[in-house]
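Each ligand, and each atom within it, is numbered from 1 in the order the structure gives.
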Amino acid sequence: MDALINALLVGNGADSIIHTKRLLGAGVSVEGIVIEGIEEAMIRLDEKCTVSQFNLLEIMLVGRSVMNVMNYLYPGGSLPAGSKGTVALAALEGDIHDLGKNILKMVLMGKGYRVVDCGKDCPLQKLIDVVVEESPLAVGISGLVTSIVPLVKRVRESLRGHGHGQVKVMAGGAALKQSSAERLHVDYLAETAFDGANYLDRISGGLVP
Ligand code: B12
């Protein structure tokens with residue numbers, strides 16, 4: 001796993017794939033690779049990127065390698081319309097981080113959900129419009145900057161105001177995880193993408209989470 005983390009951290013896409021294949025061959029699960037490999041690499045990247053040593057190109061190369069590995073782990077892009085239901089995802093206006101959201105998207109597609117990706121820096125109204133059009137089972141908000149919290153708090157009320165109060169709101173991402181579902185006015189606050197997927201499995205199965 002360390003070799004994968006190191007390859008990701010130097011932005012070496014080819015080596016990242018080689019180590020991913022090796023780990024899968026050794027019986028490591030996809031979930032293990034995402035949580036112990038990709039997420040751990042991002043924690044180390046954060047430690048590396050101090051105020052005096054912030055290299056945007058380096059971070060973008062790491063991001064590209066991460067997406068290479070995710071595309072390998074979850075091949076085929078979008079799956080046919082999901083039997084389990086539709087989920088709308090967004091990083092709201094003011095937040096341009098989207099690696100976590102993209103990972104969540106692939107995990108959900110891999111589990112048989114249909115995902116409508118509203119992208120990053122997404123105005124709240126755009127998300128609401130998508131909900132009105134698609135009537136999803138849930139919306140997923142990814143938040144990496146704390147300045148996004150006031151907007152996240154408005155999602156549930158806005159949905160209700162547009163007659164979609166039944167749509168579940170789940171949130172995740174480093175900045176939101178420091179809060180609580182109650183404080184964010186959401187139905188569920190996920191630790192990881194897999195945790196979010198399990199929550200959806202519970203609600204789509206009609207079980208109270
Ligand atoms: C990569 C990165 C960037 C990249 C983003 C590239 C991209 N395409 O996403 C770039 C260089 C563009 C960037 C820019 C900035 N960044 Co930045 N960035 C990071 C960094 C190093 C990693 C984030 C990341 O991708 N993590 C990896 C992913 C996989 O983790 P994750 O998002 O948490 O997702 C996992 C789970 O949480 C979950 N998940 C995520 N979302 C959701 C949603 C749901 C519904 C569910 C169920 C699950 C789920 O799924 C994932 C897998 O399990 C973090 C530090 C850190 N360790 O978080 C800083 C960090 C987030 N950035 C920060 C800042 C300040 C900025 C900038 C403002 C910097 C600047 N001064 O210009 C800008 C612009 C911010 C803006 N307006 O949005 C701060 C935020 C501080 C704060 N609390 O507000 C951090 C924490 C760095 C720091 N220590 O200061 N950044």
Nearest-0.5 Å distance, CG of residue D117 to CG of residue D98: 8.0 Å
contact_flag A175 ligand 1 heavy-atom lt 4.0 Å: no
Q166 atom CD, over 12 foreign heavy atoms within 6.0 Å: yes
R160 with E157: basic N within carboxylate O range, under 4.0 Å: yes
Subset of ligand 1 atoms that lie under 4.0 Å from at least one heavy atom of G173: 33 (O), 37 (O), 39 (N), 40 (C), 41 (N), 42 (C), 49 (C)
Close N or O approach (A190, ligand 1; < 3.5 Å): no
Euclidean distance, L4 CG relative to E36 CD, rounded to 0.5 Å: 11.0 Å
Contact (N/O only, under 3.5 Å) between A193 and ligand 1: yes
Close N or O approach (G140, ligand 1; < 3.5 Å): no
Per-atom contacts, ligand 1 versus D95 - under 4.0 Å to a heavy atom: 78 (O)
Could you pull out all donor-acceptor pairs under 3.5 Å where a side-chain atom in residues 17-25 meets a protein atom, sequence neighbours excluded?
residue	atom	partner	partner atom	Å
H19	ND1	R22	NH2	3.1
T20	OG1	S16	O	2.7

Numbering as shown, the atoms of ligand 1 that approach G196 to under 4.0 Å (heavy-atom distance): 47 (C)
T146 N/O under 3.5 Å from ligand 1 N/O: yes
Side chain, backbone, both or neither: K120 near ligand 1, heavy atoms under 4.0 Å: neither
Path from L104 to L92 over hydrophobic side-chain contacts below 4.5 Å: no
Residue pair V132, H164: steps toward the side chain to side chain contact (heavy atoms under 4.5 Å, CB included) verdict: CA-CA 7 Å; V132 170; H164 282 75; 4.1 Å; yes
Modelled atom types, side-chain donor and acceptor of Y199 and D187, under 3.5 Å: no
Where ligand 1 meets L99 - atom numbers and elements under 4.0 angstrom, heavy-atom basis: 7 (C), 9 (O), 25 (O)
Nearest-0.5 Å distance, CG of residue L159 to NE2 of residue H185: 14.0 Å
Atoms in ligand 1 flagged as close to I103, the criterion being non-hydrogen separation under 4.0 Å: 29 (C), 52 (C)
I96 N/O under 3.5 Å from ligand 1 N/O: yes
Subset of ligand 1 atoms that lie under 4.0 Å from at least one heavy atom of A171: 44 (C), 45 (C)
Solution key, residues 140-151 side-chain donor-acceptor pairs under 3.5 Å, sequence neighbours excluded:
none

Closest to atom 9 (O) of ligand 1 among D98, V34, I35 (heavy-atom distance): D98
Proximity of I141 to ligand 1 by residue part, where a heavy atom lies under 4.0 Å: backbone
Spatial distance of atom CG (L89) from atom CG (L108) [nearest 0.5 Å]: 6.0 Å
Test of proximity, S147 against ligand 1: N or O pairs below 3.5 Å: no
Short N-O contact, R44 and D2, less than 4.0 angstrom: yes
Proximity winner for atom 23 (C) of ligand 1, if only heavy atoms of L144, V169, N198 are counted: L144
Which atom of H97 approaches atom 17 (Co) of ligand 1 most closely (N/O/S): NE2
Per-atom contacts of ligand 1 with K177, taking only distances under 4.0 Å to non-hydrogen atoms: 37 (O)
